[in-house]
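Just below is one structure, and these are the notes that go with it.
Along the sequence shown, the residues carry numbers beginning at 1. Every heavy atom of this structure was used, including side-chain atoms; hydrogens, water molecules and symmetry mates were not.
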Amino acid sequence: MAPPRSFLWSRRIFLTLLAGFVLVPVYVMVSSSLKPLADVTGKFRWLPSGLTVRPYIDIWSTVPLARYFVNSLIVAGAATLCSVVIAVFSAYAVSRYNFRGKRVFTVTVLSTQMFPGILFLLPLFLLYVNIGNATGIALFGSRGGLILTYLTFSLPFSIWMLIGYFDSVPRDLDEAALVDGCGPIGALLRIVVPAATPGIVAVAVYAFMTAWGEVLFASVMTNDTTRTLAVGLQGYSTLNDVYWNQIMAASLVVSVPVVAGFLLLQRYLVAGLTAGAVK
């Protein structure tokens, strides 16, 4: 039975309004990035009077955007890799084995998501400074310290989500691998991990996006050499002026890796989030 015409028109109107709500800010960002600074700071016009690609050229010289870009790639990539590797082994152990304190571990991992991140800012700052003074290992102001910081946020949720996904993978696959001569690690790497690819991809995307756009800890735990993109974009605002067109251009440029990765992996992401949320 076909739905009534009123429902079809209501759906079309709603989707049109929703698309406008999403696309209008994107249009303003793109058009502002192609305007001279005088046009951006003046009266707003929906149709630019003149277009220029100069902001996309100047963004690399106004601030060291390339260095910030490399820092963000290294930090986000390393945090993602470490989070995925640790979460895979931890979630597999919780999903497949019974041990004392298993329930306490899972509840503790999930409960860490209840606390706002700002509560950990001062403790981590003092911890990194004291470790640096005692051992000479420079965690404060380094990429390594920032990677460890991001692991404290992405790892608990990654473990919890993969536990649900591994529970959905039949245990018969593990037993068949063990019968064929694989050990527990071999069964995990050869059988379970390929079967759990969507869940692992979802965890990787979550960990990467968490590290890529984080501002609070990056603004405190980094210096001029290790600063990331999320903090480096503030360099386009000076005491004398704010380069709005360059900010818009830089924002579009730095969003390309995340958008491209999401488009390439969205099929795995949706499947992973669905399977990991429902046991």
Side-chain angles (χ1 to χ4, degrees), residues 15-80 117-118 121 141-143 146-147 149-150 153 205-266 269:
L15 293 177
T16 301
L17 293 176
L18 181 61
F21 181 77
V22 173
L23 295 178
V24 167
V26 177
Y27 170 77
V28 173
M29 181 182 294
V30 174
S31 62
S32 298
S33 68
L34 296 172
K35 295 179 182 179
L37 182 60
D39 290 351
V40 178
T41 55
K43 183 179 179 180
F44 177 76
R45 297 178 180 177
W46 289 101
L47 296 177
S49 58
L51 299 178
T52 177
V53 296
R54 191 66 194 178
Y56 287 91
I57 300 175
D58 294 338
I59 58 175
W60 306 100
S61 57
T62 303
V63 301
L65 188 65
R67 185 173 66 199
Y68 299 156
F69 198 91
V70 171
N71 289 337
S72 290
L73 283 177
I74 293 175
V75 171
T80 300
I118 194 172
L121 181 60
S142 67
R143 296 169 179 166
L146 196 59
I147 292 170
T149 301
Y150 291 155
F153 301 104
V205 172
Y206 165 77
F208 185 86
M209 294 182 66
T210 300
W212 185 262
E214 201 279 327
V215 177
L216 177 62
F217 287 87
S219 62
V220 176
M221 298 294 186
T222 59
N223 51 34
D224 293 337
T225 304
T226 59
R227 189 164 295 160
T228 59
L229 282 171
V231 182
L233 292 178
Q234 299 176 3
Y236 294 105
S237 176
T238 65
L239 295 176
N240 299 322
D241 209 344
V242 179
Y243 301 100
W244 291 110
N245 54 348
Q246 295 187 37
I247 292 177
M248 297 297 102
S251 299
L252 290 171
V253 170
V254 302
S255 64
V256 169
V258 177
V259 174
F262 179 81
L263 293 176
L264 291 173
L265 302 174
Q266 61 176 338
L269 180 62

Legend entry - Separation between OG1 of Thr62 and OH of Tyr243, rounded to the nearest 0.5 Å: 6.5 Å

Legend entry - Approximate separation, where rounding is to 0.5 Å, of Ile74 CD1 and Ile147 CD1: 8.0 Å

Legend entry - Side-chain heavy atoms of Leu34 within contact of Thr52, under 4.5 Å: no

Legend entry - Member of Leu65, Val253, Val70 meeting the side-chain contact (heavy atoms from CB on, under 4.5 Å) criterion with Leu229: Leu65

How close do [X] and [Y] get, counting heavy atoms only, and between which atoms?
X      : Y      : result
Gln234 : Val215 : NE2-CG1, 4.4 Å
Ala211 : Ala79  : CB-CB, 4.4 Å
Met248 : Met29  : CB-O, 3.5 Å
Ser251 : Val254 : O-CG2, 3.4 Å
Asn245 : Lys35  : ND2-O, 3.2 Å
Trp212 : Ala76  : CE3-CB, 4.1 Å

Backbone N/O of [Y] and side chain of [X]: donor-acceptor pair under 3.5 Å:
X      : Y      : value
Asn71  : Arg227 : yes
Ser72  : Phe69  : no
Arg67  : Asp224 : yes
Gln246 : Ala250 : no

Legend entry - Distance-only side-chain donor-acceptor flag, Thr226 / Asn223, under 3.5 Å: yes

Inset, instruction - Could you check whether the rings of Tyr27 and Trp46 sit parallel, tilted or perpendicular, using 30° and 60° as the cut-offs? - result: parallel

Legend entry - More than 12 heavy atoms of other groups within 6.0 Å of Ile118 CD1: no

Legend entry - Candidate pair Tyr236 and Val242, rule side-chain contact (heavy atoms from CB on, under 4.5 Å), full reasoning: CA-CA 6 Å; Tyr236 294 105; Val242 179; over 6 Å; no

Legend entry - Contacts of Ala249 that satisfy side-chain contact (heavy atoms from CB on, under 4.5 Å) - sequence neighbours left out: Ser33, Pro55, Tyr56, Ile59

Legend entry - Centroid-centroid distance, Tyr150 to Phe217, less than 6.0 Å: no

